[in-house]
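Here's the structure we're looking at; comments come further down.
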Amino acid sequence: MEIVTRFAPSPTGHLHIGGVRTALFNWLYAKSNNGKFKLRIEDTDLKRSTEDAKKTIINGLKWLNLNWDDEIVYQSKRLSRHTEIGIKLLESGHAYKCYSTPEELKAMREEAIKNKLPPKYNGCWRERDLQLAPSGVKPVIRIKSPIKGKTILKDLIQGTIEVSNSELDDFIIIRSDGTPTYMLSVVVDDYDMKISHIIRGHDHLTNTLRQQHIYNALGWNIPIHAHIPLIHGSDGSKLSKRHGALGIEAYNEQGFLVNTMLNYLLRLGWSHGDEEIISIENAIKWFNIESIGKSPAKFDIERLNSLNSHYINVMGDSEVIKIITDSYAKKGEIIQKDKLHILKNGIKGLKSRARTTVELTNMSSFYIEETPISLDEKSKKILTDQNCILIKEYVTYLELIKNWNEKSIEENIKSFCNDKKINLGKLAQPLRAALTGKSVSPGLYEVILALGKVETINRINVF
RNA sequence: GUCCCCUUCGUCUAUCGGUUAGGACACCAGGUUUUCAUCCUGGAAAGAGCGGUUCGAUUCCGCUAGGGGAUGCCA
């Protein structure tokens, strides 16, 4: 059997990390089994679906390299096929017309809850003579669910789930306006797309139970299901903005790397022994549904930060520099050749400090700025008249350095402090302020080395 | 209300009946560092509760509690 998975978001808002994780699991499962991963946009709710949301989904998946096979399927374009199947079910006696009004349905539910019974449609039109149909009421079409026995779902993650059929009602497959409902459309599309494995959120579990009856009525094979646990916010409630969970594009904007997002989301609910840093190659090699946990996981931004620092740190220098130059280019600024050279020399210290690429770019600014550079408040305070005299005095020592490397710079600074009988910090802090405009920076020797002798002296002589 | 699911350090998790219950993030302490960060070393930190089954339960079963999901002419 060919493995075919799918990701089927509805374009009604942002692409959330829960959705991305679902997409990732489907993608990985397909990749690790030489199967196909398909994308279907469930845009049948015309009131809530937007073009922006579609773009967000597509761009998000593209950013993360979760590439899909074949064309994107837009569910809205397949409505006639869905109704066709709905009518077929009606004609074959597996479905029936129901004339109950929304008010009547509401009353049924309230009554059921009052009597401690499952709230559901009571099936009154299931066998009723259509002669009794009220005039002026357009019927919906409902599936005939079995009344007796139970419905069993064999789920790859949840195990065997059994629910008594008395809990499940005859749900609507075609609305009174003639359009198919989600419950029907999904089944038809999954069938037509030859989906072999449906990996989706746990919130779909009862849907799956009910959808099985459509498959059965049509004599179609039921795909294999795996319902993955939901992602919760830090307080255990439904994940929302207030937990720091944003649309996937926001993580890109905030400077999180693709590797970070994939690694983080993969480890949220799935594990491979003690492995924490997992490359996409290994993820494909190792991914399996059995190792997906059953309990919901909480979203933890600290973990994401830490993974991101790691991935920035292990990135190649040229790659990191490209990120910086790209972000300057975005602002319409081009980094001059000499500055680029300085940046390359100082990239190591930058990498180890940055937690996001946004931080990285901000941090690198002092290497790129023209002298005189801007000073932050703290560095202004450090640069007292006295300190300015001191650092200028140091220039005479600096000029003596013959071999321009970190070690000789260190020795040079130390010998100056020795001769002046001052602590290293006395010189280092003002020097840092003058050279970087900040009170916090990469190692001073590294900064001086990266700037070069001429630029270092220029920056000091401004004061 | 009804049905379904979940429950190991603060967080993500390992363990597939016998372990000093392991790792990672975060946290704390120390070291390295002129600063901050990195890095290194160490530390504190967990089986929801109660009953079974068993020679032995975190692991299997039941109940309770807590949490989550579903319960739409939304998807």
Side-chain angles (χ1 to χ4, degrees), chain A residues 8-12 42-45 47-49 75 98 100-102 105-106 109-110 112-120 138-142 153 155 157-159 161-164 166-169 171-177 179 181-183 185-186 201-207 209-210 227 229-230 232 234-238 264 267-277 290 293-307 309 313 348-355 363 410 413-414 417 423-429 431-433 438-445:
Chain A
S10 56
T12 53
E42 307 210 324
D43 54 349
T44 50
D45 186 341
K47 280 177 229 124
R48 295 198 305 147
S49 298
Q75 198 162 54
C98 163
S100 295
T101 62
L105 294 169
K106 198 179 167 210
R109 281 186 211 109
E110 282 168 1
I113 288 171
K114 216 174 97 186
N115 295 320
K116 301 194 175 188
L117 292 167
K120 55 175 205 172
K138 287 210 169 155
V140 297
I141 298 178
R142 290 180 181 269
L153 166 66
D155 188 282
I157 296 169
Q158 306 296 332
I161 310 283
E162 292 188 9
V163 173
S164 166
S166 58
E167 294 291 330
L168 274 18
D169 64 356
F171 58 93
I172 296 170
I173 56 174
I174 303 229
R175 299 186 188 92
S176 52
D177 66 1
T179 59
T181 62
Y182 161 82
M183 293 298 277
S185 296
V186 166
H202 188 258
D203 50 337
H204 280 286
L205 201 121
T206 46
N207 288 339
L209 253 9
R210 309 207 292 168
H227 289 91
L230 269 20
H232 287 167
S234 49
D235 58 356
S237 67
K238 206 168 185 174
Y264 176 76
R267 272 296 279 106
L268 205 59
W270 178 87
S271 61
H272 185 78
D274 284 340
E275 299 289 342
E276 297 290 348
I277 304 296
E290 303 84 76
K294 291 181 84 174
S295 51
K298 288 175 186 158
F299 179 77
D300 180 17
I301 191 82
E302 283 308 324
R303 182 81 168 212
L304 195 65
N305 278 324
S306 138
L307 266 179
S309 337
N313 221 318
K348 205 177 128 225
L350 258 23
K351 273 205 303 191
S352 68
R353 254 151 264 260
R355 297 218 296 179
M363 235 184 258
E410 179 179 350
I413 286 179
K414 282 183 175 164
C417 292
N423 289 332
L424 220 47
K426 277 270 185 213
L427 174 67
Q429 243 359 52
L431 211 46
R432 178 194 318 282
K438 298 170 169 57
S439 58
V440 172
S441 80
L444 189 58
Y445 312 136

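Just so you know, these numbers use all the heavy atoms, side chains as well, and skip hydrogens, waters and symmetry mates. We name chains A, B, ... by the order of the sequence lines, and we start the count at 1 in each one. Treat the numbers as computed from the prediction; the structure is a model and nothing was measured.
When distances are taken from the side chain of A:Glu42 to each of B:rC3, B:rA75, B:rU34, the shortest belongs to B:rA75. Of the listed nucleotides (B:rG69, B:rU34, B:rC12), B:rG69 has the atom at the smallest distance from the side chain of A:Leu230. Each of B:rG68, B:rA14, B:rC6 was ranked by its minimum atom distance to the side chain of A:His202; first place goes to B:rG68. Picking from B:rC6, B:rG1, B:rA75 the nucleotide with the shortest atom distance to the side chain of A:Asp45 gives B:rA75. In this structure, of B:rU35, B:rC12, B:rA75, it is B:rC12 that holds the atom nearest to the side chain of A:Ala297.
Within the 4.0 angstrom heavy-atom criterion, only backbone atoms of the sugar-phosphate kind lie near A:Ser10; the bases stay farther away. Residue A:Pro9 is out of contact with every strand shown, counting any heavy-atom pair closer than 4.0 Å. If you check every strand for non-hydrogen atoms under 4.0 Å, A:Gln158 touches sugar and phosphate atoms only.
In this structure, A:Ser441 does not reach the B:rU35 phosphate: none of its side-chain N or O atoms is under 4.0 Å from OP1 or OP2. At least one side-chain nitrogen or oxygen of A:Thr44 sits closer than 4.0 Å to the OP1 or OP2 atom of B:rA75. For the pair A:Tyr264 and B:rC12, the criterion of a side-chain N or O lying under 4.0 Å from OP1 or OP2 is not met. OP1 or OP2 of B:rG1 has not a single side-chain nitrogen or oxygen of A:Arg109 nearer than 4.0 Å.
Every side chain to side chain donor-acceptor pair (under 3.5 Å) that A:Arg210 has, sequence neighbours left out, goes to A:Asp169. Among residues two or more places apart in sequence or in another chain, the side chain to side chain donor-acceptor pair (under 3.5 Å) test is passed with A:Ser166 by A:Ser164. Under the side chain to side chain donor-acceptor pair (under 3.5 Å) criterion, A:Lys351 pairs with A:Asp317, sequence neighbours left out.
Nucleotide B:rC50: paired with B:rG62 (Watson-Crick or G-U wobble, both distances less than 3.5 Å). Of the nucleotides present, B:rU41 is the one that pairs with B:rA29 by Watson-Crick or G-U wobble criteria, both distances under 3.5 Å. Pairing partner, B:rU8: none, since no Watson-Crick or wobble contact has both distances short of 3.5 Å.
Nearest-nucleotide positions on RNA chain B for A:Leu304 and A:Gly269 put A:Gly269 closer to the 5' end. Comparing A:Lys116 and A:Gly443 against RNA chain B, the residue whose closest nucleotide sits nearer the 5' end is A:Lys116.
Two residues are said to be in side-chain contact when any heavy atoms from C-beta on lie closer than 4.5 Å; A:Leu304 and A:Asp300 fail this criterion. The side-chain heavy atoms of A:Thr179 and A:Ile174, taken from C-beta on, include no pair separated by under 4.5 Å.
Within the model, atoms OG1 of A:Thr206 and CZ of A:Phe171 stand 10.5 Å from one another, a figure rounded to the nearest 0.5 Å.
Remark: A:Lys414 engages A:Glu410 in a salt bridge, criterion side-chain N to carboxylate O under 4.0 Å.
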Distances under 3.5 Å only, N/O to N/O: pair up the protein atoms with those of nucleotides 26-32 of chain B.
none

Could you write out each protein N or O paired with an N or O of nucleotides 18-21 of chain B at a distance under 3.5 Å?
none

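Separation of the P atoms belonging to B:rA44 and B:rC28 is 16 Å when rounded to the nearest angstrom. On the P atoms, B:rU32 is 16 Å away from B:rC40, given to the nearest whole Å. Rounded to a whole angstrom, the distance from the P atom of B:rU59 to that of B:rA48 is 8 Å. Here, B:rG47 and B:rC39 have their C1' atoms 34 Å apart, quoted to the whole Å.
When all heavy atoms are compared, the tightest approach of A:Thr44 to A:Ser49 is N-OG, 4.4 Å.
You won't find any donor-acceptor pair under 3.5 Å spanning the side chain of A:Asp43 and the base of B:rA75, going by distance alone. Taking 3.5 Å as the limit, the base of B:rC73 and the side chain of A:Thr181 contain no donor-acceptor pair of atoms between them.
Between A:Arg355 and A:Ser309, the side chains place no donor N or O within less than 3.5 Å of an acceptor N or O (distance only, hydrogens not considered).
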Side-chain polar contacts of residues 270-277 of chain A - donor-acceptor pairs under 3.5 angstrom, sequence neighbours left out - could you list them?
residue, atom, partner, partner atom, Å
A:Trp270, NE1, A:Asn288, O, 3.1
A:Trp270, NE1, A:Asn288, OD1, 3.0
A:Glu276, OE1, A:Arg267, NE, 3.3
A:Glu276, OE1, A:Arg267, NH2, 3.4
A:Glu276, OE1, A:Arg303, NH2, 2.6
A:Glu276, OE2, A:Arg267, NH2, 3.3

